[in-house]
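Chain identifiers are assigned alphabetically (A, B, ...) following the order of the sequence lines, protein sequences preceding nucleic acid strands; residue numbering begins at 1 within each chain. Computed from a predicted model, the values in this text were never measured in an experiment.
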Protein chains: 2
Amino acid sequence: MNGNPLGQDPGMPPTPAPDDDVVDRLRAALPGRVETDPALLAPFTADRSGHRAAGVPLAVVHAASVEDVQAACRIASAAGVPIVTRGAGTGLSGGAIAGDGEIVLSLTGMDRILEISADNRLAVVQPGILNGRLNEVLAEHGLWWAPDPASKDISTVGGNIAMNAGGLLCAKYGVTREAVLALKVVLADGTLLSVGHRTVKGVTGYDLCALMIGSEGTLGVIVECTLKLQPVDRGATVTLGAFFDSLEAAASAASAVTRAGLVPAIMELMDQRTLEAVAAHTGQDLAGRGAYLLVQCDGADAVQTADRVADLARRAGGTVDVTTDPDEADRLVALRRAAFPSLESLGTLLVEDIAVPRSRMAEAFAAVRALEEKYGVAIPTTCHAGDGNLHPTFVYDGGAGEVPEAIWAAAGELFGTALELGGTLSGEHGIGLLKRAWLRDELGDEQFELQRRIKQVFDPAGLLNPGKVFPGPASPGTPPVG
Amino acid sequence: MNGNPLGQDPGMPPTPAPDDDVVDRLRAALPGRVETDPALLAPFTADRSGHRAAGVPLAVVHAASVEDVQAACRIASAAGVPIVTRGAGTGLSGGAIAGDGEIVLSLTGMDRILEISADNRLAVVQPGILNGRLNEVLAEHGLWWAPDPASKDISTVGGNIAMNAGGLLCAKYGVTREAVLALKVVLADGTLLSVGHRTVKGVTGYDLCALMIGSEGTLGVIVECTLKLQPVDRGATVTLGAFFDSLEAAASAASAVTRAGLVPAIMELMDQRTLEAVAAHTGQDLAGRGAYLLVQCDGADAVQTADRVADLARRAGGTVDVTTDPDEADRLVALRRAAFPSLESLGTLLVEDIAVPRSRMAEAFAAVRALEEKYGVAIPTTCHAGDGNLHPTFVYDGGAGEVPEAIWAAAGELFGTALELGGTLSGEHGIGLLKRAWLRDELGDEQFELQRRIKQVFDPAGLLNPGKVFPGPASPGTPPVG
């Protein structure tokens, strides 16, 4: 058993117990909550990236309470066995997959809403509730939780927080970090902490709530979430769809919108390669369309904002449809929604996730085109154009999780370009296993080591999601990447 | 020399050099930038809390560049001498005051704007620029930086970030943390780190940018700030002023506004005790006024929102003025602006800063009244009612910084009440020296120790702002508090 990615003194970890003992102890402490049937464990070895760990974990603990989580952590810590916390498994970076010798802590059973307060504009929920389900309930109270990853109907709130999930609305409504007030967190040794504040403001000590958000299960187990809500009334929604002859023209329209101080709720860009895939998959005639820009404006100034966006799009050479009719809006949105199903019909996908300053979007797209040439691979790309987050999607033959070396080489070049443009490896999908080989490139040596030392403060034995984020010795069964 | 609050192994710190050597070395490395005249050092021993350190620091380094900061940190670290980073000194918690044996690193000379990008809706600035000055320049570009502490015309952006400053607009526009994209930070040993992202989204590794924000100079020296901007166009502004017979009625009106899903830009509450002080100071007839609620609505829906706020205020028993006329608006706002000048004429002030969930505001005010009875002290209180942040202001006789024990006892009870109500010791002023004695009460033992270990990761020798935030051994010359 070597699940410690931190290069710690090998004399320090607790004495490992035989794996059978750990499972027996978990069973004794958590009767009926511990699953060891290999067939039922298999789903926990993969996520929606398609990446799969070799081997299966020792067991899955289906936690039903904070106390269950604490008990599981205490037992695993005493035995020196790694813990992989898991929500719905919708991640795209291999961040919640578990292999040989690891214990999965599944939180999907902890899915209750504990409090909804319109007076304080907050909700307290367990981490396993689905984002979409929560928002259904909140809507009855005139409230909503803004984070909206594409996976929202199938991903958990706890998972959204662990990854600092993004989505389509971030330029206007912020990322997950801006929508979380406080967390309860169980450390590897079972200690329960409350971090953050129930209040709008609070500046006592370091902001460990923000530090937990996006920490990918490596610092603690999020067991309760106090969420900052918004009033649901976003007024009328106006939807625009615009075709352009070229990506450059569409990107310049999007830039003009930002430069003009307009803040649409949604601004999405699709390149020609993606449009070709949609045409092939849906039978629509999109011949000669160079790019598609989808914009939605909401709030009291939706109509005025949409008018100005339409004007800017036309000036950039766009053919623009504007509508407030829900059916017509659905038609304009459907083209964007068709992107991933259409791409999936082309082959196996590696969905990348760079973000660049909004002024550099056209350069980022040009770099993607150059990579297609150099590596002979199709990389259809969609982009959250309101915030500069591109999803270059490498299409290849072969099984998911068996990404060819040439694809990784191309992806590595893409990451380098993102950094050169002042951007980042990952806008919203996180590092997990799949991008850990490049983390040091972005952080630099000093910050990389500093971050590892912070990890050690929270998890000195290195038992929480080992091998994820930081490229230490991988947990058994998870292959090195990069 | 014992500036180490962390109880570290005394064998670990670098060998201290005689203080004269340190100053000589600073002078040699930074000619013309090192001040040691005691008369010129005196202002650095106090801040706007009125608290003053005993003794004076060894020297002030007036840094003009990142390299200056690195050089000063390297020299101080080599000598084991504490470093107190300082902006404009407008803090209210003693967080940037320096005493015997310490070096002040003044950043007010680093006040340049390095970049303004409308395309990326960001600015890159040095930390010493004043918030108000920055916003004057940004306004010419149609942009603004939202953090608006009351001190904004005289406080620095770096100071705002080091304290995670709040202000009047937070319920709608967020706190400082939400308005910072990235930072450059110099560690105690002179290492330069870049944390955060220039992009809207970014999830690579732990969010050390958020961790730095509000860390009160204890983790590193902020030397460059990449700020998230907003378009300046907030549309028409509608201002409401409403008098109520009782605080409870005014608080219930404010709660009704939040519950209704309305989001004013500003919602401020003043109690009767404060109104009496304003009446005495300004000569206005406010007899029989129980409380005052000031509301400003901006954006495209300002008029509709203000109409609904006025309706809710009237239903709660308020006498309401609503205006879009700038002069009349100034008159309504002037009453609120007069609060602190009026209170200052009553005696010496200890300005407290608790925050509570918005549904508990009336209870918090009731607790303040009970403390007045119990301790025989006047505690006029204003409140950012949009976010539940109260400023109970203890009025006493005697010099600033010589807070009587009974006042601290009353303040301690107030903090306890804030925690019982689900709130916090400090909404926006920070811990500094003045509230460090109560930090553990809020964080709990485990989190308190965890936070100290995080401090050690960044600053193993404990040289950055020792004795602030954490109640370790104080730096020499700063008295224990609490």
Side-chain angles (χ1 to χ4, degrees), chain A residues 117-121 142 163-164 166 170-171 175 178 191 193 195 197-207 210-211 213-215 231 233 255 258-259 261 263 299-301 355-359 387-389 422-428 430-431 439 442-443 446-447 450-451 453-454 457 469, chain B residues 117-121 142 163-164 166 170-171 175 178 191 193 195 197-207 210-211 213-215 231 233 255 258-259 261 263 299-301 355-359 387-389 422-428 430-431 439 442-443 446-447 450-451 453-454 457 469:
Chain A
S117 169
D119 284 358
N120 294 307
R121 218 170 273 166
M163 305 307 290
N164 193 15
C170 299
V175 294
E178 272 98 72
T191 302
L193 290 186
V195 297
H197 297 91
R198 190 177 159 88
T199 47
V200 177
K201 294 171 174 167
V203 289
T204 41
Y206 303 134
D207 191 346
L211 193 67
I213 298 168
S215 64
D233 176 21
S255 292
T258 300
R259 193 181 312 118
V263 190
D301 55 355
V356 297
R358 285 168 279 193
S359 61
D387 54 44
N389 182 198
T424 176
L425 299 178
S426 181
E428 57 187 14
I431 300 300
L439 181 64
E442 178 161 340
L443 297 184
E446 286 97 346
Q447 189 181 172
L450 190 76
Q451 295 216 355
R453 292 202 299 275
I454 290 171
V457 166
V469 182
Chain B
S117 170
D119 284 357
N120 294 306
R121 217 169 275 166
M163 305 307 290
N164 193 15
C170 300
V175 294
E178 271 98 72
T191 302
L193 291 186
V195 298
H197 297 92
R198 192 178 158 89
T199 48
V200 178
K201 294 171 175 169
V203 290
T204 40
Y206 303 134
D207 191 347
L211 192 67
I213 297 167
S215 64
D233 175 22
S255 292
T258 300
R259 193 182 311 118
V263 190
D301 55 356
V356 297
R358 286 168 279 194
S359 61
D387 54 46
N389 182 198
T424 175
L425 299 178
S426 182
E428 57 187 16
I431 300 300
L439 181 64
E442 178 161 338
L443 297 184
E446 286 97 348
Q447 188 181 171
L450 190 74
Q451 294 216 355
R453 292 203 298 276
I454 290 171
V457 166
V469 183

Minimum heavy-atom separation for A/A210 and B/A210, please, with both atom names. CB-CB, 3.4 Å
Which atoms of A/L425 approach chain B - backbone, side chain, both or neither, heavy atom under 4.5 Å: both
Heavy-atom closest pair (B/G261 atom, A/P231 atom, distance to 0.1 Å) is O-CG, 3.1 Å
Which residue out of A/L443, A/V469, A/I454 racks up the most heavy-atom pairs below 4.5 Å with chain B? A/I454
Are A/T258 and B/R121 side-chain neighbours, meaning at least one heavy-atom pair lies under 4.5 Å? yes
Ignoring hydrogens and angles, state whether a donor on the side chain of A/N120 or B/S359 is under 3.5 Å from an acceptor on the partner side chain. yes
Side chain, backbone, both or neither: which part of A/V175 has a non-hydrogen atom closer than 4.5 Å to chain B? side chain
Are B/D387 and A/T199 side-chain neighbours, meaning at least one heavy-atom pair lies under 4.5 Å? no
For B/Q447 versus A/L193, what's the shortest heavy-atom pair and its separation? N-CD2, 3.7 Å
Among the options A/R198, A/M163, A/E442, pick out the one with the most heavy-atom pairs lying under 4.5 Å from chain B. A/E442
Proximity breakdown for B/E178 and chain A, heavy-atom pairs closer than 4.5 Å: both
When A/G423, A/P357, A/A118, A/A355 are compared by non-hydrogen pairs under 4.5 Å with chain B, the top option: A/P357
Heavy-atom donor-acceptor pair, A/Q451 side chain to B/Y206 backbone, under 3.5 Å: yes
Scan side-chain atoms only and decide if B/T191 and A/E446 contain a donor-acceptor pair under the 3.5 Å cut-off. no
Find out whether A/S255 and B/D119 are in side-chain contact, i.e. whether some heavy atom of one side chain is under 4.5 Å from a heavy atom of the other. no
So which atom in A/I431 and which in B/G205 form the shortest heavy-atom distance, rounded to 0.1 Å? CG1-N, 4.0 Å
Quick one: of A/G202, A/A171, A/G214, who has the most non-hydrogen atom pairs under 4.5 Å with chain B? A/G202
Considering only heavy atoms and a distance below 4.5 Å, find which of A/D207, A/T204, A/N164, A/T424 pairs most often with chain B. A/T204
Nearest non-hydrogen partners of B/C170 and A/K201, listed with the distance: SG-CE, 3.4 Å
Contact leader toward chain A among B/G142, B/S215, B/G430, B/S426, where contacts are heavy-atom pairs under 4.5 Å: B/S426
